[in-house]
Enquirer: 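I have a structure I would like to understand better, so I am pasting it below and will then ask my questions one at a time.
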Amino acid sequence: MCLIETDLILAVASPRDKNHETSLKALRILKPLLLSPYSLAELDLLISSGRIKVVLPDFYSSQESLIAYYNINISLPRPTHMEKALALRTQHHLFYFDSLHAAVAISAEATLVSFDKKYSSVKELRYLHPSKLQEIPKSS
């Protein structure tokens, strides 16, 4: 199982993003896919803060379609994620949402797929940079 990070969702949403094609490839190849519930909150915060510009409510509708099309499961939020994320922030100096995504991946025993290389320093986390996709055999 692979947990896709918010950066992949954003890259898929923007055809002009330098990681757009690689992110689409990840969604096609990696199965089963899992999304952190905190990615949805992170996206909404990025939008409401003005850090990213999207057309609302169309963006939310397109995200719903993307999740359905690629059969992406969304993990349920759990208090143990918060506990683990706190430890990860303390031990590895991860940012808030990054620590939550890592905590979900660890608890689900999933590989976290992200362009953010800081995850590679978390020893208990299985991490895959999307540039390494050519090394992964295609799922049947």
Side-chain angles (χ1 to χ4, degrees):
M1 178 178 311
C2 291
L3 184 135
I4 53 172
E5 220 258 49
T6 310
D7 56 2
L8 266 82
I9 296 294
L10 287 172
V12 166
S14 177
R16 291 180 291 177
D17 189 294
K18 66 179 181 177
N19 295 316
H20 179 75
E21 289 302 320
T22 304
S23 297
L24 282 173
K25 180 179 179 182
L27 295 184
R28 286 191 305 269
I29 292 176
L30 301 172
K31 303 291 180 204
L33 292 171
L34 182 66
L35 183 66
S36 165
Y38 312 108
S39 285
L40 300 175
E42 183 179 15
L43 280 170
D44 195 50
L45 185 61
L46 289 167
I47 293 165
S48 63
S49 71
R51 296 251 342 250
I52 62 171
K53 304 281 188 225
V54 297
V55 176
L56 295 176
D58 299 354
F59 178 78
Y60 295 126
S61 178
S62 69
Q63 292 306 295
E64 190 72 35
S65 297
L66 176 92
I67 288 166
Y69 182 80
Y70 288 102
N71 196 28
I72 302 169
N73 294 304
I74 302 174
S75 176
L76 293 174
R78 304 193 48 83
T80 54
H81 296 156
M82 304 298 176
E83 178 183 11
K84 184 65 179 169
L86 176 62
L88 291 168
R89 284 193 301 277
T90 303
Q91 295 166 1
H92 301 283
H93 308 289
L94 297 178
F95 293 119
Y96 182 75
F97 282 108
D98 296 334
S99 70
L100 285 168
H101 304 323
V104 173
I106 291 167
S107 70
E109 298 181 357
T111 298
L112 193 149
V113 182
S114 174
F115 292 98
D116 195 338
K117 294 178 183 176
K118 74 178 148 236
Y119 289 117
S120 65
S121 69
V122 181
K123 300 296 181 222
E124 63 191 295
L125 176 67
R126 287 190 312 248
Y127 165 71
L128 175 67
H129 191 280
S131 67
K132 304 290 185 191
L133 284 174
Q134 62 273 12
E135 300 170 15
I136 306 290
K138 186 170 181 166
S139 300
S140 48

Enquirer: Looking only at heavy atoms, which two atoms of Tyr127 and Thr111 are closest? And how far apart?
Expert: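 Shortest heavy-atom contact: C-CG2, 4.0 Å.
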Enquirer: Do Tyr38 and His81 have ring centres separated by under 6.0 Å?
Expert: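 Here the rings of His81 and Tyr38 have centres that are less than 6.0 Å from each other.
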Enquirer: If we check side-chain hydrogen bond (donor to acceptor under 3.5 Å, both in side chains) with Thr6, which of these qualifies: Ser114, Ser36, Ser39?
Expert: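 The option that passes is Ser39.
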Enquirer: When you compare the side chain of Ile106 with that of Leu88, does any pair of heavy atoms fall below 4.5 Å?
Expert: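 Contact flag for Leu88/Ile106 side chains = yes.
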Enquirer: Does Phe115 offer a backbone N or O that forms a donor-acceptor pair with the side chain of Asp7 under 3.5 Å?
Expert: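 Side chain of Asp7 to backbone of Phe115, a donor-acceptor pair under 3.5 Å: yes, one is there.
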Enquirer: Taking the side chain as every heavy atom from C-beta outward, state whether Arg51 and Leu45 have any atom pair closer than 4.5 Å.
Expert: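 No, side chains not in contact.
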Enquirer: With rounding to the nearest 0.5 angstrom, report the OG to NZ distance, Ser121 to Lys123.
Expert: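 It is 7.0 Å, given to the nearest 0.5 Å.
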Enquirer: So does Asn19 get a backbone contact from the side chain of Thr22, meaning a donor-acceptor N/O pair under 3.5 Å?
Expert: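 Side chain of Thr22 to backbone of Asn19, a donor-acceptor pair under 3.5 Å: no, none is there.
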Enquirer: For the residue pair Tyr60 and Asp44, establish whether any side-chain heavy-atom pair is separated by less than 4.5 Å.
Expert: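 Counting from C-beta outward, Tyr60 and Asp44 do come under 4.5 Å.
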Enquirer: Can you name the nearest heavy-atom pair linking Gln63 to Ala13, along with the distance?
Expert: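 That closest heavy-atom pairing would be NE2-CB, 4.0 Å.
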Enquirer: Looking at every non-hydrogen atom in both residues, tell me the closest pair between Ala85 and Leu100 and how far apart they are.
Expert: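 Heavy-atom minimum between the residues: CB-CD2, 3.7 Å.
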Enquirer: Do the side chain of Ser99 and the main chain of Tyr96 share a donor and acceptor less than 3.5 angstrom apart?
Expert: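 Pair found, side chain donor or acceptor close to backbone of Tyr96.
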Enquirer: May I ask you to test the Val113-Leu33 pair for a side-chain heavy-atom distance under 4.5 Å?
Expert: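 Result no, sub-4.5 Å side-chain heavy-atom pair not found.
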Enquirer: Applying side-chain contact (heavy atoms from CB on, under 4.5 Å) between Ser75 and each of Leu34, Leu3, Leu35, report the one that passes.
Expert: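 The single option meeting the side-chain contact (heavy atoms from CB on, under 4.5 Å) with Ser75 is Leu34.
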Enquirer: CZ/Phe97 to CG/Leu46 distance, rounded to the nearest 0.5 angstrom?
Expert: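 So the CZ of Phe97 and the CG of Leu46 are separated by 8.0 Å.
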Enquirer: For the atom pair NE2 (His92) and CD (Glu124), what is the distance rounded to the nearest 0.5 Å?
Expert: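 If we round to the nearest 0.5 Å, His92:NE2 and Glu124:CD are 5.5 Å apart.
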Enquirer: If you compare all heavy atoms of Leu94 against all heavy atoms of Ala102, which two are closest, and at what distance to 0.1 Å?
Expert: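 Heavy atoms of Leu94 and Ala102 come nearest at CD1-CB, 4.2 Å.
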Enquirer: Between Thr90 and His93, what is the shortest heavy-atom contact and its length?
Expert: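 Taking Thr90 first and His93 second, the nearest heavy atoms are O-CE1, 3.9 Å.
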Enquirer: Should the heavy atoms of other residues, nucleotides or ligands under 6.0 Å from CD of Glu83 be counted, would the total exceed 12?
Expert: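 Check fails, neighbour count at 12 or below.
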Enquirer: How far apart are the C-alpha atoms of Tyr70 and Leu24, what are their side-chain angles, what is the distance that settles it, and do they pass the side chain to side chain contact (heavy atoms under 4.5 Å, CB included) test?
Expert: CA-CA 10 Å; Tyr70 288 102; Leu24 282 173; 3.8 Å; yes
